[in-house]
Protein chains: 4
Amino acid sequence: MANGSPARKNIILKEAAKLFRENGYPSSNLRELARRAGIQGGSIYHHFSSKQEILFQLMDNTMSDMIRRLKIILEPLDCPTERLRRTIRFHIGYHIAGPDETYITDDELRNLEGDNYRQIISKRDRYQQLFEDIIATGQAEQNWQISDIKLFARAIIQMCAGVARWYRPDGKFTIDQIAEQYFTLLTTGLMSR
Amino acid sequence: MANGSPARKNIILKEAAKLFRENGYPSSNLRELARRAGIQGGSIYHHFSSKQEILFQLMDNTMSDMIRRLKIILEPLDCPTERLRRTIRFHIGYHIAGPDETYITDDELRNLEGDNYRQIISKRDRYQQLFEDIIATGQAEQNWQISDIKLFARAIIQMCAGVARWYRPDGKFTIDQIAEQYFTLLTTGLMSR
Amino acid sequence: MANGSPARKNIILKEAAKLFRENGYPSSNLRELARRAGIQGGSIYHHFSSKQEILFQLMDNTMSDMIRRLKIILEPLDCPTERLRRTIRFHIGYHIAGPDETYITDDELRNLEGDNYRQIISKRDRYQQLFEDIIATGQAEQNWQISDIKLFARAIIQMCAGVARWYRPDGKFTIDQIAEQYFTLLTTGLMSR
Amino acid sequence: MANGSPARKNIILKEAAKLFRENGYPSSNLRELARRAGIQGGSIYHHFSSKQEILFQLMDNTMSDMIRRLKIILEPLDCPTERLRRTIRFHIGYHIAGPDETYITDDELRNLEGDNYRQIISKRDRYQQLFEDIIATGQAEQNWQISDIKLFARAIIQMCAGVARWYRPDGKFTIDQIAEQYFTLLTTGLMSR
DNA sequence: AATGAATGAGAATTCATTCAT
DNA sequence: CATGAATGAATTCTCATTCAT
């Protein structure tokens, strides 16, 4: 039960990300999701055991993918400044590339139940840990001015994720330009010269 | 347990803020809200014409209050650095001191309909404008390094509002300490000395 | 209880007739009725003990008035033809003069409960009896072609009452003209010469 | 007690006609309708999008059927007298043979909303036109005494439809007998000889 | 895998009625 | 007489989920 062809399943996940972003998870309805995925309401249950399961897989896939990709990017890099720059670039870029999925992953935590909640929180912490590690190294090796590592990691993640809420492809800046500005703000501050 | 009118209305608003924060607006139900306000489900409609109306008044009151309060704080201040520091302090503090209302104001925009949406967006823009003005002055008078004022205003608001998502009264830092660290991060950056 | 000043009471009855005609009795709501009568919802209960009571008094007043007036009209008349003519004239005229009240009286019987229903039915029968008596006399004295008195009485009443559903004061015919045409139709038929 | 689709839909319509006639449309409730149709309340919405939709389909089906049937009856007939006789016979018969549906079609017009209202009114006018055509021909070819065709058509329809309000299958007359008496009343009048 | 009718447990909302003031 | 907040039961409608076909 609850396992269909991967193609159809991915279509459903993709459409679910869009739909959940439009309406929020609780206000999204499975018949509409099915319609967008080109099937009937009942057929969703051949691919997922419940609405909750769809939300969970969406968020779980996204978190796993983010961790995996960021690790690959960071692997060859040593300098904490460079590591931070690339991390910020990745975080912003990923939020722009998959705005539906990241929006849901950032915003629908509240709607995860029990174990699903714990699993995603755990992956989110693992992702944040990557930021914290960089900051700690910067602090140790390059004397970055950090009073509290966790606090700064959270602040950075939160701020950069916000980009997905207003970014438009036809806007004033490219992703790289936005990332660079955020990086500069975070590293040298408003008042440095 | 019976009561006059404006008092009861305010109780409902207060409880609605809590309830909406706990469950989100769409998942909150009016019978539960009524129970918490000490009345029966139907009685809510003596004070509000609909569930949507409750959300709107909540957000509208909050946005108006934020604008009003921030203006009062800024009035006697001239130095843009000091203005920014106090603005950040206010923004974070307000998101924590009235955490339910502000959380909702940030997160339930999507659930406002038509004209309600437009009205709140307009107030939110007016609030953001206060940030932009400060940044513009800092740029002009104190040579702050800002490539795009709107972008930075958004980034700051986003980052500070995020505090409400993890702040716990029994946590490591006071509101003032958190605000100071955010201010430092934004003004001098991670790497300044 | 349930007995206020006659003036206000009559205003309520008048407005109720209009409102019930617009929406039908079940879909009419007492707050709206109160509003139109210039008072608050709860105040209606100083004049009537229930919504049902309003409907009942409306119909009861109307039926009583119709019987009383028709009797007065018929009293001095002997000739059954003339009696029928004047009866039709009265029936149509009354339905046009008080279209709201008569509409309700004709159409809301279904919504009367128990004893109220029986009382109104009884008055309606008494009113119909006036028609039947005329027809019976016409049959006896003037050889009217009637196979079934009750059936014809019903048919006449029904047909004439229908006028109130389409009559407009600015229409093609006066009340008297309409009444005369109905009278002619009923007395001489379509094909007489 | 499970069932395919068009059958169930027709059961619902049939039961709705009965229920609406018993209580009127506004006082009828869908749970009761569902119960009578052998399903749960919510299941009605598989077949109809709303309560209003049920009323509309009921009236629309009925009006279409009436027009269609009356046309078939009239087709082979030439003589306007005969056409009128058969039309009256049909109109009364249909109001009795399908008493629930026709009663509703006469009485629940007020409860149709917007476009539904306009559509049914338009069909009702088309039906009435069939009466008017007959009367016009009678007037032209057989010198019927008609001062206003529309007025007489309305009067006839109103009168005949009224039969459904008092007819009882165990009553004194058959449908044919009632129809014949109405026809006689209308054609030769009370006083003709 | 897919369908689509059916379920059944809510949800928001309405409203006649009550009653303390 | 009038108010208006409160009641509480009823109503339409929604929707995740099930399941026979």
Side-chain angles (χ1 to χ4, degrees), chain A residues 1-5 8-9 26-34 37-54, chain B residues 1-9 26-34 37-54, chain C residues 1-5 8-9 26-34 37-54, chain D residues 1-9 26-34 37-54:
Chain A
M1 245 137 293
N3 215 324
S5 81
R8 182 53 52 90
K9 191 170 169 169
S27 301
S28 297
N29 103 51
L30 292 191
R31 268 230 246 293
E32 169 67 8
L33 174 55
I39 54 179
Q40 290 295 118
S43 305
I44 285 188
Y45 288 83
H46 287 288
H47 304 278
F48 299 93
S49 65
S50 67
K51 186 182 177 184
Q52 170 77 196
E53 175 76 9
I54 298 174
Chain B
M1 227 149 297
N3 215 322
S5 168
R8 182 55 53 88
K9 188 168 174 175
S27 301
S28 298
N29 94 60
L30 292 191
R31 267 227 243 288
E32 170 66 9
L33 173 56
I39 53 179
Q40 290 293 116
S43 305
I44 287 184
Y45 288 84
H46 258 279
H47 304 279
F48 301 93
S49 65
S50 67
K51 186 182 177 185
Q52 168 79 193
E53 173 78 9
I54 298 175
Chain C
M1 241 138 298
N3 214 324
S5 81
R8 182 55 52 88
K9 192 168 169 170
S27 300
S28 297
N29 102 49
L30 290 193
R31 268 230 245 293
E32 169 67 8
L33 173 55
I39 53 179
Q40 290 296 117
S43 305
I44 286 188
Y45 288 82
H46 287 290
H47 304 278
F48 299 93
S49 65
S50 68
K51 186 182 179 185
Q52 169 77 195
E53 175 76 10
I54 298 173
Chain D
M1 227 147 298
N3 215 322
S5 168
R8 181 57 50 93
K9 188 169 175 174
S27 302
S28 298
N29 94 62
L30 293 189
R31 267 228 243 292
E32 170 66 9
L33 173 56
I39 54 179
Q40 290 294 115
S43 305
I44 286 185
Y45 289 82
H46 257 280
H47 304 279
F48 301 92
S49 64
S50 66
K51 186 182 176 185
Q52 169 79 193
E53 174 78 9
I54 298 174

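Below, each value reflects all heavy atoms present in this structure, side chains not excepted, and no hydrogens, waters or symmetry copies. Here is how names work: the chains are called A, B, and so on, in the same order as the sequence lines, proteins then strands, and each is numbered from 1.
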Closest nucleotide of DNA chain E for D:Ile39 versus for A:Ile44: which of these residues is on the 5' side? A:Ile44
Could you tell me the separation between the CZ atom of B:Phe48 and the C1' atom of E:dT14, rounded to a whole number of Å? 18 Å
Let me confirm one number: the CD1-OG distance from C:Ile44 to C:Ser50, rounded to the nearest 0.5 Å. 11.0 Å
Produce a footprint string for nucleotides 13-19 of chain F: one letter per nucleotide, 5' end first; B if the base is under 4.0 Å from any protein heavy atom, S if only the sugar-phosphate is, - if neither. BBSSBB-
What's the spacing between C:Ile54 CD1 and C:Gln52 CD if we round to 0.5 Å? 10.0 Å
Pairing pattern in dot-bracket form [Watson-Crick, G-U; both distances under 3.5 Å; | = partner strand] for DNA chain E: .||||||||||||||||||||
By side chain to side chain contact (heavy atoms under 4.5 Å, CB included) - contacts of C:Glu32 (at least two apart): C:Leu19, C:Asn29, C:Arg35, C:Arg36
Rounded distance (Å) that lies between atom P of E:dC15 and atom CD of C:Glu32: 10 Å
Answer yes or no: does a side-chain N or O of B:Arg8 lie under 4.0 Å from OP1 or OP2 of F:dA6? yes
Sorted by chain and residue number, the salt bridge (Lys or Arg N to Asp or Glu O under 4.0 Å) partners of C:Glu53 (sequence neighbours excluded) come out as none
As an exercise, state the distance from CZ of D:Phe48 to NZ of D:Lys9, rounded to the nearest 0.5 Å. 5.0 Å
Indicate whether OP1 or OP2 belonging to E:dA2 is found under 4.0 Å from a side-chain N or O atom of A:Gln40. no
Minimum heavy-atom separation for A:Lys51 and A:Pro26, please, with both atom names. NZ-O, 3.4 Å
With rounding to the nearest 0.5 Å, note down the distance linking NE2 in A:His47 to CD1 in A:Ile39. 5.0 Å
Under 4.0 Å between a side-chain N or O of B:His47 and OP1 or OP2 of F:dG4? no
Please find the pair of heavy atoms, one from D:Arg8 and one from D:Gly38, that lie closest to each other, and give the distance. NH1-O, 4.2 Å
Whole angstrom is fine here: how far is it from CG in B:Leu33 over to P in E:dA12? 9 Å
